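Some notes on the structure that comes next.
Computed over heavy atoms, backbone and side chain alike; hydrogens, waters and symmetry mates excluded. Worth saying up front: this structure is predicted, and the values here are computed from it rather than measured. For ligands, and for the atoms within them, numbers begin at 1 and follow the listed sequence.
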Amino acid sequence: MEYIYGENTTSFPNVAADPMTGELTSLLDINPSQLEIIRNERPATPPPPSSLTDHMLTIPWSSSAGWGQPKIVPYGPLALEPSVTVLHYAQTLFEGMKAYRDTNGKVTLFRPDMNMKRMNTSAARIALPTFDGEALLELIKALVRLDRHWIPQLPGYIGTQCALGVGPPNEALLFVICSPVGPYYATGFKPVSLYGTVEYVRAYPGGTGGYKLGANYAPGVVPQRAAAKHGYAQNLWLHGPEHHLTEVGTMNLFVVFRKGDGTLELATAPLDGMILPGVTRDSVISLAKDHASRRQVLDGLPEKFELVERPITMKEVQAAAENGSLVEMFGTGTAAIICPVNKIGYLGKDIIIPTGDGSAGLGPVSRVMLEQISGRQFGTIPSDWSVVVAE
Ligand SMILES: *Cc1c(COP(=O)(O)O)cnc(C)c1O
């Protein structure tokens with residue numbers, strides 16, 4: 001099957017497949033008008049980042065009835081049978097996004113439609129039920145509105161975590177929890193070092209690396225520890241005999257090369273099924289393409305500029321670092337937005353990656369991308385990527 005991310009995902013219906021015949025039956029979808037809210041009688045005072053907020057959203061699913069009543073209830077533990085398959089076979093997926101309080105005091109979400117789409121794509125990959133993304137988004141907005149006083153007053157946000165996991169294979173539970181997260185860079189953010197990992201792989205052709213499935217993440221813990229033991233912050237996931245650069249830890253990866261004629265080439269690996277289709281990745285690509293085509297010129301980027309989705313090899317990066325044509329390298333993801341890289345430990349040697357001397361080591365392209373994306377998240381740059389939850 002050809003790997004197509006983002007296409008025909010909304011058309012996956014919420015259906016039950018007969019295990020014997022494979023015949024599909026349509027089931028009830030998520031219905032926001034049925035929302036019941038049970039308020040937390042003992043709300044907490046928003047403490048410092050990384051605890052959880054007062055409420056959570058739950059929506060049950062069963063193969064006989066489809067999606068049931070959505071409820072916002074006090075945050076608390078789930079009761080599960082020890083036999084639930086999620087604990088044995090990891091039939092679970094997640095999404096992560098943030099709610100921002102922008103500079104005008106509005107509470108917003110950043111491109112949440114992309115998360116809804118990706119969540120459906122992930123669900124379809126492991127035969128969990130799909131759903132109407134707009135309906136779930138409406139419910140997430142209600143949850144964020146209820147707990148919006150948890151968003152830090154300083155530039156900060158609450159992270160919303162959506163997850164879909166199963167009990168027995170004919171039941172599922174979709175839940176959304178929130179926690180305050182401070183500004184990512186507050187603790188002094190600096191470029192990271194990467195360990196070019198050749199002992200382990202994160203993803204492979206035909207596998208599940210392109211989906212946000214729980215099963216993809218536990219196997220990354222031991223390699224992460226190994227990278228730390230070697231003195232590096234993150235794994236640089238390489239693939240195949242040519243050591244293609246795929247992702248960094250749980251971020252997408254961008255490399256900037258200066259070509260012979262002076263053009264800056266911003267390159268990232270293509271969505272070949274091994275790459276998680278990041279919302280931040282897509283945002284960087286879209287901004288870069290608009291600049292390259294002069295549709296929307298970005299201050300600070302040169303005119304000679306191009307964006308390419310293509311395979312990138314370690315040989316190429318090593319050669320570019322040696323001959324001075326490597327400009328910068330950075331990871332992208334919702335948590336940090338942009339994370340510059342300063343070196344790669346590769347087959348026993350360190351490859352030094354140029355970083356900017358200005359704020360936090362951001363290079364010429366990553367600095368502009370961080371400004372552009374965070375400006376849209378915090379409302380200083382108007383954009384339809386920002387979806388208002390509360391005025
Ligand atoms: C979540 C994730 C990303 C980043 O995706 P965003 O939507 O930009 O947050 C990149 N790689 C992996 C493996 C991820 O799990």
*With heavy atoms under 4.0 Å as the rule, classify the contact between M251 and ligand 1 as side chain, backbone, both or neither.*
backbone
*For ligand 1, indicate whether the residue L276 contacts it via side chain, backbone, both or neither (heavy-atom separation under 4.0 Å).*
side chain
I need the atoms of ligand 1 closer than 4.0 Å to a non-hydrogen atom of [X], numbered in the order shown.
| X | result |
| --- | --- |
| T280 | 6 (P), 8 (O) |
| T250 | 2 (C), 3 (C), 10 (C), 11 (N), 12 (C), 13 (C), 14 (C) |
| G278 | 5 (O), 6 (P), 7 (O), 8 (O) |
| R118 | 5 (O), 6 (P), 7 (O) |
| Y217 | 13 (C), 14 (C), 15 (O) |

*Distance to 0.1 Å, residue and atom name: give those for the protein heavy atom nearest to atom 14 (C) of ligand 1.*
K212 NZ, 3.0 Å
_Protein heavy-atom partner closest to atom 11 (N) of ligand 1 - residue, atom, separation in Å_ = E247 OE1, 2.5 Å
If you measure only the distance, is there a donor-acceptor pair under 3.5 Å linking the side chains of [X] and [Y]?
| X | Y | answer |
| --- | --- | --- |
| D102 | T108 | no |
| R111 | S283 | yes |
| Y75 | D147 | no |

*asked:* Side chain or backbone, does T332 bring an N or O within less than 3.5 Å of an N or O on ligand 1?
replied: no
*Do any nitrogen or oxygen atoms of T334 come within less than 3.5 Å of a nitrogen or oxygen of ligand 1?*
yes
_Ring geometry between Y195 and Y232 (parallel below 30°, tilted from 30 to 60°, perpendicular above 60°)_ = tilted
*Parallel, tilted or perpendicular, as decided by the 30° and 60° cut-offs, for the rings of F305 and H291*: perpendicular
_Within the structure, is a non-hydrogen atom of R202 found at a distance of less than 4.0 Å from ligand 1?_
yes
*Heavy-atom gap M97 to ligand 1 smaller than 4.0 Å*: no
*Which is closest to atom 4 (C) of ligand 1 by heavy-atom distance: G333, A335, A203?*
G333
Of all heavy-atom pairs between [X] and [Y], which one has the smallest distance, and what is that distance?
| X | Y | answer |
| --- | --- | --- |
| I30 | L174 | CD1-CD1, 4.2 Å |
| L136 | M119 | CD2-SD, 4.2 Å |
| T268 | L253 | OG1-O, 2.6 Å |

*asked:* Looking at T130, is its backbone amide N or carbonyl O close enough to the side chain of N120 to form a donor-acceptor pair, meaning the two atoms are under 3.5 Å apart?
replied: no
